[in-house]
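As structure tokens, the structure follows; a few thoughts come after it.
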Amino acid sequence: PRVTKGSMMMRPYLTLCRTYGPILVIPNRGSKQKWGGITRDPYKTFQHKLNRKQQENHGKLPLKSEERAQRDLLYPLNVQSLEQYISEYVPLEKFAKAPFYTKVGRSQRWKTFKENLQIIYGGAMIRRKLKKTDPFQPIKFARWAQETFIEVNHGLQIKDKEVLKRCCTETASESLRKEIRNKMYKWNFIGEIERPRIVNARVAPLLNKDNLYGQVIVRLYSKQIMTVHSLSGQLLLGHPSDPKSVLDYIVFERPLIKEDSTWRICGKIRPQKPYHKTIKKNA
């Protein structure tokens, strides 16, 4: 018969040891061997170590499918917000636009063209989904958004949790409360410089394709007075009598399939930085 290395390793053989001299090795024929070594399933070994580690750390094994289903019934997942922005695009202001003849200017205008197509589609989807329950009118919505923005700032000033809960999402209200924690916040709306308007509208699904959420970005350009004091009365930020021109991009969000839902503030987009043409100088 043909003698292979595998068959030789299954038979008794002699090996030479420096300390004890020649040694007779008798392999275990009952075990699965390959090239003289015991073959083990690496997945089973890893799973056994993982279960032992979980037992040591948590004192229990992972939940089975039936137990997991029972837990989900007792504690259902309550999703009320996307917790992120669908799109952070806002149209470029005049101070942020580059000249058309430059490479940056051409890329800006091409990006604006693509984004405008998606904005038109997003606005049409929002109008379609809210046609029967709450018709979406951009001009009236922008005015209402400015009033809601003023109401939220006054609510922050007096630390009214009910106003924040009604007008903001959970994540946005928690972040606003953290910013003014252990501080005295004072805010006053002087007047608008330009009328509020919608600059972006997007739609995205959550968990399934039918559960649609809509997000609208409203541009607010107004004069405001804002001051932040410490608990001891020290002025940390702002000026009590000097109004500033402020450009805000406020993001509103709403689930489109729920009839009793409302638009709420979910965040704020930072305005663009001005475009400056770099000039190379001779060293």
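- For the side-chain contact (heavy atoms from CB on, under 4.5 Å) test with Arg254, the passing option among Asp134, Leu212, Thr262 is Asp134; the others fail.
- Ring-plane geometry between Trp110 and Phe113 is classed as parallel, the angle between the planes falling under 30 degrees on a 0 to 90 degree scale with a further cut at 60.
- No side-chain heavy atom of Leu256 sits under 4.5 Å from any side-chain heavy atom of Phe136.
- Note on ring orientation: taking the six-membered ring where Trp is involved, the planes of Phe149 and Trp187 are perpendicular (angle over 60°, cut-offs 30° and 60°).
- Counting heavy atoms of neighbouring residues, nucleotides and ligands inside a 6.0 Å radius, atom CZ of Arg128 does not exceed 12 of them.
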Problem set entry | Full working for side chain to side chain donor-acceptor pair (under 3.5 Å) between Gln224 and Asn153 | CA-CA 11 Å; Gln224 308 170 13; Asn153 279 279; over 6 Å; no

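- Rounding to the nearest 0.5 Å gives a distance of 5.5 Å between CG of Leu231 and CG of Asn182.
- Between the OG1 atom in Thr102 and the NZ atom in Lys97 there is a gap of 12.5 Å [rounded to 0.5 Å].
- Expressed to the nearest 0.5 Å, how far OG1 of Thr148 lies from CZ of Arg166 amounts to 8.5 Å.
- Inter-residue side-chain proximity for Pro255 and Lys129 is flagged as unmet; no heavy-atom pair is nearer than 4.5 Å.
- Between the side chains of Ser232 and Ser230, at least one donor-acceptor pair of N or O atoms lies under 3.5 Å.
- For the pair Gln157 and Met226, the minimum side-chain heavy-atom distance is 4.5 Å or more.
- Put simply, the side chain of Arg219 does not reach to within 4.5 Å of the side chain of Val90, judged on heavy atoms.
- With contacts defined as side-chain heavy-atom distances shorter than 4.5 Å, the pair Ile217/Tyr85 does not qualify.
- With a 4.5 Å cut-off on side-chain heavy atoms, Arg195 and Gln146 do not count as touching.
- A distance of 10.0 Å separates OG of Ser245 from CD of Glu194, quoted to the nearest 0.5 Å.
- The pair Lys165-Glu162 does not count as a salt bridge, with every side-chain nitrogen at least 4.0 angstrom from each carboxylate oxygen.
- Considering Gln118, Gln215, Glu253 as possible partners of Arg202, the one that fulfils the side-chain hydrogen bond (donor to acceptor under 3.5 Å, both in side chains) test is Gln118.
- Atoms OG and CG, on Ser261 and Leu130 in that order, are 7.5 Å from each other to the nearest 0.5 Å.
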